[in-house]
Chemist: 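Take a look at the following structure, please.
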Amino acid sequence: MQQAVKTPTGEARAEQRLILSDMLDWLIADKLVDASAAEGLKKERRYYRGGVHPLAIIADQKWRTATAPPKLLSLEALTEWLAKRVGMDYLHIDPLKIDFAAVTEVMSSAYATRFRILPVAVNTKEATIATAEPYVREWETELARIIKREIRRVIASPADIERYQVEFYNLAKSIKGAGKAATGGSGLSNFEQLVELGKDKQLDANDAHIVRITDWLWQYAFEQRASDIHVEPRREMGIVRFRIDGVLHQVYQIPAAVLVAMTSRIKILARMDVVEKRRPQDGRIKTRTIAGEEVELRISTLPTAFGEKLVMRIFDPEVLVRDFAELGFSEDDARRWQEMTNRPNGIVLVTGPTGSGKTTTLYSTLKTLATPDVNVCTIEDPIEMVEGSFNQMQVQHQIDLGFADGVRALMRQDPDIIMVGEIRDLETAEMAVQAALTGHLVLSTLHTNDAPSAVARLLELGVPPYLLSATLNGVMAQRLVRTLCKHCKQKFELNRAEDQQAWQALVSPWTSKQPARLYKPVGCLECRMTGFTGRIGIYETLVLTPAFKALVGASPDLARLRDQGVKDGMKPLRISGAMKVGAGLTTIEEVLKVAPPLRNGAA
């Protein structure tokens with residue numbers, strides 16, 4: 001017997017799915033859509049068959065709200081509106097926050113598909129179930145009795161429910177199937193027993209379940225805009241984490257035996273030695289996204305106490321064709337950088353810690369310099385990304401082919417521009433100087449906190465001051481900061497004492513005009529509730545002028561070098577960051593996290 005329920009308009013009706021005509025009437029009543037457009041859609045009979053959710057049909061019309069300011073009635077916006085209309089909580093399904101293994105135990109895939117529902121959270125007291133049909137409740141009482149928990153219903157996008165019904169259950173099924181394979185089909189669900197039995201029975205890296213899990217992991221990482229995938233063994237479980245906009249997020253826990261098989265499969269695809277587990281290895285894999293775009297993964301393994309840790313760095317080929325403004329260069333930064341790199345010879349250095357975007361800057365620069373009449377050669381460890389317009393060579397330590405030997409070999413290849421992955425020792429530094437003296441442009445990286453420190457570092461390595469002054473064109477230090485989501489960032493006035501203190505902490509000991517207002521992160525669906533989307537660079541560009549070169553001696557005074565750099569137009573990293581904060585691109589906290597403190601000096 002069907003139960004009568006109350007609709008938002010007050011009438012009672014039997015349980016049934018939402019109807020397009022009702023949805024349009026509610027939208028007209030709420031003055032969100034034009035009545036004539038809605039009436040026209042009602043007459044299109046083709047929309048009344050096929051089982052498509054009415055919200056999806058309305059979203060396909062790409063209508064904008066009739067009220068000002070007009071906003072697109074996307075499926076998510078319509079779903080949020082429906083939740084308010086029927087008095088239920090709205091939920092955006094974020095796979096990063098859902099325990100697939102736990103929620104898929106609440107009900108079977110067939111049951112979820114039948115009622116178009118999806119479990120999204122479960123604890124000892126209640127299970128949270130997402131639905132796009134607020135008036136279909138016949139499953140609620142039955143499910144509560146079976147799982148012996150209270151049911152909390154939330155409204156979610158019908159497209160997300162349909163999609164994740166497939167993904168969640170397929171992933172859980174694959175991991176469970178792989179676990180059974182590890183235990184010889186014993187059906188044991190205790191993870192500790194799985195680990196113990198997995199020691200005796202090795203999972204096949206080409207098992208269908210392992211293939212499915214690995215493919216899902218890659219596609220999910222591409223979709224989430226991850227830059228790195230970490231697969232980490234622990235005592236009892238394996239952990240998968242994604243780095244998104246510089247921050248690590250735990251994605252899933254995997255039984256140890258399954259993780260070992262996944263690692264083996266990835267090593268096979270990367271042409272690495274599967275048997276060797278005692279020493280680090282490097283490899284690379286080329287794959288494609290669902291949209292067919294080619295993506296390159298750089299694989300690195302590391303032996304740990306509980307097995308091999310694996311990190312996959314994701315390289316987007318589009319990163320090389322970015323405009324310098326898109327990378328975060330100001331007009332002054334771009335002009336000074338081009339002044340360094342457009343010279344026919346000399347050394348140009350990029351400094352900063354790992355993950356600060358040095359490779360992107362160098363590759364993007366080389367891409368612009370690599371014209372058909374120029375020979376560009378690189379020596380790298382490892383080759384970060386294979387690029388057709390360069391001649392790239394890999395360092396091979398096992399045959400004593402290091403950076404210095406590589407530069408020596410490249411010098412006999414008639415190069416115009418040489419890129420050295422990193423200057424680590426005096427021999428490499430001397431070869432870079434020699435290349436610059438003989439008419440080549442040399443680009444390289446160095447690990448120092450700021451640009452003036454790079455000069456001191458090269459002198460410490462043993463490069464003579466007169467040779468450094470003769471060959472070094474300039475140095476650029478850089479960091480990456482997360483950028484505020486343009487869809488949800490919120491403006492605020494700097495009238496609170498703590499906000500003013502935060503600004504002073506950013507620019508001190510410099511004096512800088514305090515902006516009237518700044519922006520702060522809020523969180524929306526576009527940025528996955530983080531308040532940030534993507535990252536942008538902040539730069540400190542030091543061009544070596546005659547006045548600066550006069551200060552380069554055997555024992556340089558760093559404070560004087562910094563002062564002279566500032567007098568010559570160098571903006572320190574924090575000041576560059578403050579400019580990005582003032583422009584509404586990032587926050588004070590983001591800059592303070594990555595940029596070194598300002599030193600006393602010229603301001």
Side-chain angles (χ1 to χ4, degrees), residues 270-273 276 278-284 296 298-303 311 313 315 341 345-363 365-366 369-370 375-387 389-448 453-465 467-468 470-473 475-476:
R271 295 180 176 85
M272 297 157 75
D273 187 346
E276 179 58 74
R278 298 169 300 170
R279 63 181 178 87
Q281 294 186 66
D282 293 304
R284 56 193 342 114
E296 188 165 306
R298 199 183 80 195
I299 317 298
S300 172
T301 65
L302 182 76
V311 174
R313 176 158 287 186
F315 287 101
T341 56
N345 61 341
I347 299 173
V348 178
L349 296 176
V350 182
T351 78
T354 302
S356 60
K358 300 189 299 295
T359 299
T360 300
T361 300
L362 284 178
Y363 271 64
T365 302
L366 288 175
L369 296 174
N375 179 18
V376 177
C377 299
T378 75
I379 172 74
E380 304 171 64
D381 182 23
I383 294 172
E384 298 277 4
M385 185 181 293
V386 177
E387 168 55 40
S389 56
F390 317 154
N391 300 293
Q392 296 169 282
M393 180 165 62
Q394 166 89 41
V395 165
Q396 303 284 354
H397 293 292
Q398 64 271 27
I399 58 172
D400 296 325
L401 175 59
F403 281 118
D405 298 307
V407 176
R408 195 174 288 114
L410 290 179
M411 291 276 283
R412 296 191 288 270
Q413 290 287 313
D414 186 30
D416 296 293
I417 300 169
I418 297 173
M419 195 270 272
V420 183
E422 184 184 347
I423 294 178
R424 299 173 180 171
D425 50 40
L426 175 59
E427 190 182 9
T428 307
E430 286 177 338
M431 287 307 306
V433 168
Q434 190 64 37
L437 285 172
T438 52
H440 305 91
L441 180 66
V442 180
L443 283 75
S444 189
T445 68
L446 204 62
H447 288 286
T448 60
S453 299
V455 175
R457 174 65 179 145
L458 289 172
L459 292 169
E460 284 172 12
L461 285 176
V463 178
L467 286 179
L468 193 59
T471 56
L472 190 59
N473 293 351
V475 185
M476 185 170 73

Chemist: Would you check if the side chain of Asn345 reaches a backbone N or O of Ala435 as a donor-acceptor pair within less than 3.5 Å?
Modeler: no

Chemist: Counting N and O atoms only, with roles assigned by atom type, does the side chain of Asn391 sit under 3.5 Å from a partner on the main chain of Val376, one being a donor and the other an acceptor?
Modeler: yes

Chemist: If I compare all heavy atoms of Pro280 with all of Pro303, which pair ends up nearest, and what's the gap?
Modeler: N-CD, 3.8 Å

Chemist: Does Ile383 offer a backbone N or O that forms a donor-acceptor pair with the side chain of Gln394 under 3.5 Å?
Modeler: yes

Chemist: Provide the closest heavy-atom pair for Leu458 versus Leu446 in the form atom of the first, atom of the second, distance.
Modeler: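 In this case the closest contact between Leu458 and Leu446 is CG-CD2, 4.2 Å.
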
Chemist: Roughly how far, to the nearest 0.5 Å, is the CG atom of Asp282 from the OG1 atom of Thr301?
Modeler: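 The distance works out to 7.0 Å.
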
Chemist: Can you tell me how far apart OG1 (Thr351) and CD1 (Ile423) are? Round to the nearest 0.5 Å.
Modeler: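 Thr351 atom OG1 to Ile423 atom CD1 measures 11.5 Å (nearest 0.5 Å).
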
Chemist: Taking side chain as C-beta onward, heavy atoms only, is Glu430 less than 4.5 Å from Leu461?
Modeler: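 They are not in side-chain contact.
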
Chemist: If you take all heavy atoms of Phe403 and Glu422, which pair is closest and at what distance?
Modeler: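 Minimum heavy-atom contact is CD1-O, 3.5 Å.
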
Chemist: Do you know which two heavy atoms are closest between Ala404 and Thr428, and how far apart they sit?
Modeler: N-OG1, 3.7 Å

Chemist: Going through the checks in order, is the side-chain contact (heavy atoms from CB on, under 4.5 Å) test met by Asp416 and Leu369?
Modeler: CA-CA 10 Å; Asp416 296 293; Leu369 296 174; over 6 Å; no

Chemist: Given side-chain contact (heavy atoms from CB on, under 4.5 Å), test Thr365 with Val348 step by step and report yes or no.
Modeler: CA-CA 11 Å; Thr365 302; Val348 178; over 6 Å; no

Chemist: Taking the side chain as every heavy atom from C-beta outward, state whether Val442 and Thr471 have any atom pair closer than 4.5 Å.
Modeler: no

Chemist: Nearest 0.5 Å please: distance from the CG atom of Leu459 over to the CG atom of Leu467.
Modeler: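 Rounded to the nearest 0.5 Å, the CG-CG separation comes out at 10.5 Å.
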
Chemist: So which heavy atom on Gly406 is nearest to which on Leu401, and how close?
Modeler: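 Nearest pair, atom of Gly406 first, then Leu401: N-CD1, 3.9 Å.
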
Chemist: State the CZ-CD1 distance between Arg408 and Ile379, to the nearest 0.5 angstrom.
Modeler: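 That separation rounds to 11.5 Å.
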
Chemist: Check whether any side-chain N or O of Thr445 sits under 3.5 Å from a backbone N or O of Gly421 as a donor-acceptor pair, and report yes or no.
Modeler: yes

Chemist: Measure the CZ-OG1 distance between Arg457 and Thr448 for me, rounded to the nearest 0.5 Å.
Modeler: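 Answer rounded to 0.5 Å: 9.0 Å.
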
Chemist: Do the non-hydrogen side-chain atoms of Ser300 and Arg313 ever get within less than 4.5 Å of each other?
Modeler: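 Not touching, per the 4.5 Å side-chain cut-off.
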
Chemist: Could you verify whether a donor N or O on one side chain and an acceptor N or O on the other, from Asn375 and Asp414, lie under 3.5 Å apart?
Modeler: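 Result is no, nothing qualifies.
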
Chemist: Are the side chains of Glu380 and Met419 in contact, using a 4.5 Å heavy-atom criterion?
Modeler: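 Met419 reaches Glu380 side chain to side chain.
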
Chemist: From Cys377 SG over to Met411 CE, what is the distance, rounded to the nearest 0.5 angstrom?
Modeler: 11.5 Å

Chemist: Could you report the tightest heavy-atom contact between Thr341 and Leu441, atom names first, then the distance?
Modeler: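 Shortest heavy-atom contact: O-CD2, 3.2 Å.
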
Chemist: With distance as the sole test, does Gln281 use its side chain to make a donor-acceptor pair with the main-chain N or O of Glu276 at under 3.5 Å?
Modeler: yes

Chemist: Without swapping roles, check the side chain of Lys358 against the backbone of Ser444 for a donor-acceptor pair under 3.5 Å.
Modeler: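 Not confirmed, Lys358 side chain does not pair with Ser444 backbone.
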
Chemist: Is there a side-chain contact between Val433 and Ile347, using heavy atoms and a 4.5 Å cut-off?
Modeler: yes

